[in-house]
Peer 1: 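Sending over a structure as structure tokens; questions will come in a sec.
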Amino acid sequence: MRKLMAYLNSCGYRKIALAGGKNDVSFTAWRREVFQKELTRYGLPYHAEFDLPSDYDVDGGYTAM
């Protein structure tokens with residue numbers, strides 16, 4: 001997640017979404033925590049509407065997007 005956020009920031013993206021995972025899975029909770037910390041690190045705002053839980057399959061990702 002840290003490398004991904006560094007890359008997206010270096011490309012100039014300022015509105016970054018996180019679509020993935022269920023909130024009750026520990027790895028997903030960790031990923032969301034790091035996502036929010038990295039937004040802060042790069043001075044980017046957190047948009048709750050861009051933080052989308054989903055199932056771990058193609059349909060879940062499609063629905064989140």
Side-chain angles (χ1 to χ4, degrees):
M1 180 58 72
R2 289 180 184 100
K3 287 182 180 182
L4 174 62
M5 294 297 286
Y7 174 75
L8 294 173
N9 184 64
S10 74
C11 291
Y13 292 105
R14 298 294 171 250
K15 292 183 177 180
I16 302 172
L18 175 63
K22 297 181 180 186
N23 291 324
D24 59 348
V25 175
S26 62
F27 183 74
T28 301
W30 172 83
R31 189 181 311 157
R32 280 198 161 83
E33 179 183 334
V34 174
F35 171 70
Q36 291 178 1
K37 286 180 180 179
E38 292 298 298
L39 287 174
T40 300
R41 176 180 177 192
Y42 292 110
L44 302 174
Y46 172 73
H47 297 278
E49 66 272 19
F50 293 171
D51 189 348
L52 307 163
S54 67
D55 290 331
Y56 297 96
D57 59 18
V58 173
D59 290 336
Y62 182 82
T63 300
M65 291 310 297

Peer 1: Give a yes or no on whether W30 and L39 share a hydrophobic cluster (residues Ile, Leu, Val, Met, Phe, Trp, Tyr; joining criterion: side-chain heavy atoms under 4.5 Å apart).
Peer 2: yes
Peer 1: Do M1 and L52 share a hydrophobic cluster, counting only Ile, Leu, Val, Met, Phe, Trp and Tyr and linking them when any side-chain heavy atoms are less than 4.5 Å apart?
Peer 2: no
Peer 1: Quick check against the 3.5 Å criterion: does T40 have a side-chain atom that pairs as donor or acceptor with the backbone of Q36?
Peer 2: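 Present.
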Peer 1: For Y46 versus D51, what's the shortest heavy-atom pair and its separation?
Peer 2: OH-OD2, 2.9 Å
Peer 1: Within a strict 4.5 Å, meaning less than it, do heavy atoms of the L44 and E38 side chains meet?
Peer 2: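 They are not in contact (no side-chain heavy atoms under 4.5 Å apart), so the answer is no.
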Peer 1: Looking at L18 and R31, what are the two nearest heavy atoms and their distance?
Peer 2: CD1-CD, 4.1 Å
Peer 1: Does atom CZ of F50 have more than 12 heavy-atom neighbours from other groups under 6.0 Å away?
Peer 2: yes
Peer 1: To the nearest 0.5 Å, what is the distance between NZ (K37) and CE (M5)?
Peer 2: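 Nearest 0.5 Å value for the NZ-CE distance: 13.0 Å.
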Peer 1: Give, for atom CZ of R14 and atom CG of L8, the distance between the pair rounded to the nearest 0.5 Å.
Peer 2: 10.0 Å
